[in-house]
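Reviewing the structure listed below.
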Amino acid sequence: MEILLISGLSGGGKSRAASFLEDVGFYIVDNMPAGMILKFAEFCAAGSGRYNRVALVYDVRTADTFDEFLDVLDTLRQREYDCKLLFLEADVGTIIKRYKETRRLHPLQERAGSLAAAVDREIGMMAPVRERADVIINSTTYSTARLRGELLRLFGGAQSAGELQVSLVSFGFKHGLPLEADLVFDVRFMPNPFYIDSMRTKTGLDAQVRNYVFSFRETEQFMEKLRDLLGFVLPLYREEGKTVLVAAIGCTGGHHRSVAVTHALAAYIRSLGYQVTENHRDMTRT
């Protein structure tokens, strides 16, 4: 059984991290006292596999000292559990800004007297927990998407292997843009096989049409620049936590040029190690 203990500074991103982990199959329990963690772990282990992945959020709201929590952490690691401690933090200025934006009260603010003093006090209190963490994430500069992507990479398990899927769609502009497209490329500048009688009823998947489309210098130049662009942006989309990228390639009717380019592009992206789906939306439309 996999047990992930989530701790860290208030405003560091624990709640957001918990919601992302829930999306990848973790059963989430927020604000669980240290004295209940072992009993809960035993309960989950005795189940029928329903609670094989559990994430427990533990923070400064739960106790004034963390000795009991650290003892529980040691016990879990000694047992036959895959137990890790994730610690989330951010710099003081970022935490203060987040609290001001949400207008929430820091859990130590009433005792500390000010928000800044509360954050400083919490940093000192949480230091022993931070020292025992397996993974520390400083979310100061993280966007929501980047935090999600990092958690998926670290804890996504089998899902992390396919964290970015590229969906390629060929289409005809006369039938309208694909509404789901993130990127749209227009290939209507290429010579059109439609005006050659022997190719009019064929598609971009036929060798004759494909060879014709790629026989022109401008097509090869376009493909070279498109490969450079995608080779640059795909890792950045993946780093930001994007899981599906839809790229649409359009020509006039969606039968010839867009189909040939989409098919060639799918092979290239697949060679980079990404999962690719290929859909020729208008290829059979009149």
Side-chain angles (χ1 to χ4, degrees), residues 3-24 26 28-34 37 54-67 69-70 73 83-156 159-160 163-164 182 232-243 245:
I3 299 177
L4 178 63
L5 300 175
I6 305 172
S7 192
L9 303 182
S10 303
K14 297 186 300 298
S15 297
R16 187 166 290 175
S19 66
F20 293 148
L21 291 166
E22 188 173 26
D23 291 340
V24 296
F26 279 88
I28 307 296
V29 181
D30 192 11
N31 199 22
M32 176 171 282
I37 292 177
V54 177
L56 309 176
V57 182
Y58 186 88
D59 57 30
V60 75
R61 296 170 295 169
T62 310
D64 292 326
T65 65
F66 295 94
D67 293 340
F69 173 72
L70 296 176
L73 176 62
C83 178
K84 292 184 175 64
L85 173 58
L86 167 65
F87 191 93
L88 289 118
E89 62 185 7
D91 64 35
V92 174
T94 298
I95 292 176
I96 291 175
K97 180 181 178 182
R98 290 173 181 174
Y99 268 96
K100 286 184 176 180
E101 288 174 349
T102 61
R103 299 184 179 180
R104 293 172 53 219
L105 189 68
H106 191 283
L108 300 180
Q109 191 166 340
E110 289 185 353
R111 282 182 286 172
S114 70
L115 179 55
V119 176
D120 287 336
R121 182 171 179 176
E122 185 180 30
I123 291 172
M125 292 175 62
M126 298 296 293
V129 178
R130 187 183 189 278
E131 291 175 0
R132 303 287 292 277
D134 298 285
V135 178
I136 298 173
I137 294 179
N138 188 312
S139 65
T140 298
T141 60
Y142 276 39
S143 64
T144 298
R146 185 183 175 191
L147 178 60
R148 184 185 185 279
E150 182 68 4
L151 291 169
L152 186 66
R153 182 184 68 82
L154 291 167
F155 305 109
Q159 296 191 34
S160 63
E163 62 185 39
L164 177 61
D182 298 298
F232 173 72
V233 300
L234 288 180
L236 299 179
Y237 280 124
R238 179 170 56 190
E239 182 180 337
E240 274 296 302
K242 195 170 184 65
T243 55
L245 178 74

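Annotation for Arg111 and Pro107: closest pair NH2-O, 4.4 Å, computed over non-hydrogen atoms. Contact detail for Lys14 and Ser7: the closest heavy-atom pair is CD-C, 3.5 Å. Here the shortest heavy-atom pairing between Lys84 and Phe155 reads CD-CE2, 4.3 Å. Closest of all the heavy-atom pairs between Leu164 and Leu234 is CD2-O, 3.5 Å. Leu9 and Ala90 make their closest contact through CD1-O, 3.9 Å (heavy atoms, listed as atom of the first residue, atom of the second, distance).
In this structure, CG in Leu56 is found 11.0 Å from CG in Asn31, a value given to the nearest 0.5 Å. Once rounded to the nearest 0.5 Å, the distance linking CD1 of Ile136 with CD of Glu131 reads 9.0 Å. The structure places CZ of Arg132 at 13.5 Å from CZ of Phe87, a figure rounded to the nearest 0.5 Å. In this structure, CG on Asn138 lies 6.5 Å from CG on Asp91, to the nearest 0.5 angstrom. Between the SG atom in Cys83 and the CG atom in Leu5 there is a gap of 4.5 Å [rounded to 0.5 Å]. Once rounded to the nearest 0.5 Å, the distance linking OG of Ser19 with CG of Leu151 reads 9.0 Å.
Around CD of Glu101, the count of heavy atoms belonging to other residues, nucleotides or ligands within 6.0 Å exceeds 12. Within a 6.0 Å radius of CZ in Arg16, no more than 12 heavy atoms belonging to other residues, nucleotides or ligands are found.
Contact annotation: the side chain of Leu147 approaches that of Leu88 to within less than 4.5 Å [non-hydrogen atoms, C-beta and beyond]. Within the 4.5 Å cutoff, the side chain of Arg98 has heavy atoms near those of the Ser139 side chain. Side-chain contact check for Val57 versus Ser15: every heavy-atom pair is 4.5 Å or farther apart. No side-chain heavy atom of Leu245 sits less than 4.5 Å from a side-chain heavy atom of Val233. Taking the side chain as every heavy atom from C-beta outward, Val119 and Tyr99 never approach each other to under 4.5 Å. Counting heavy atoms from C-beta on, the side chains of Phe69 and Leu85 come closer than 4.5 Å. Looking at heavy atoms from C-beta onward, His106 lies in side-chain contact with Glu122 at the 4.5 angstrom threshold. Between Leu86 and Leu154 the shortest side-chain heavy-atom distance does not fall below 4.5 Å.
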Practice problem: Could you check Tyr58 against Phe66 for side chain to side chain contact (heavy atoms under 4.5 Å, CB included), going step by step and ending with a plain yes or no? | Solution: CA-CA 10 Å; Tyr58 186 88; Phe66 295 94; 3.4 Å; yes
Practice problem: Check the pair Asp182, Tyr237 against side chain to side chain contact (heavy atoms under 4.5 Å, CB included), reporting the backbone distance first and the verdict last. | Solution: CA-CA 11 Å; Asp182 298 298; Tyr237 280 124; 5.7 Å; no
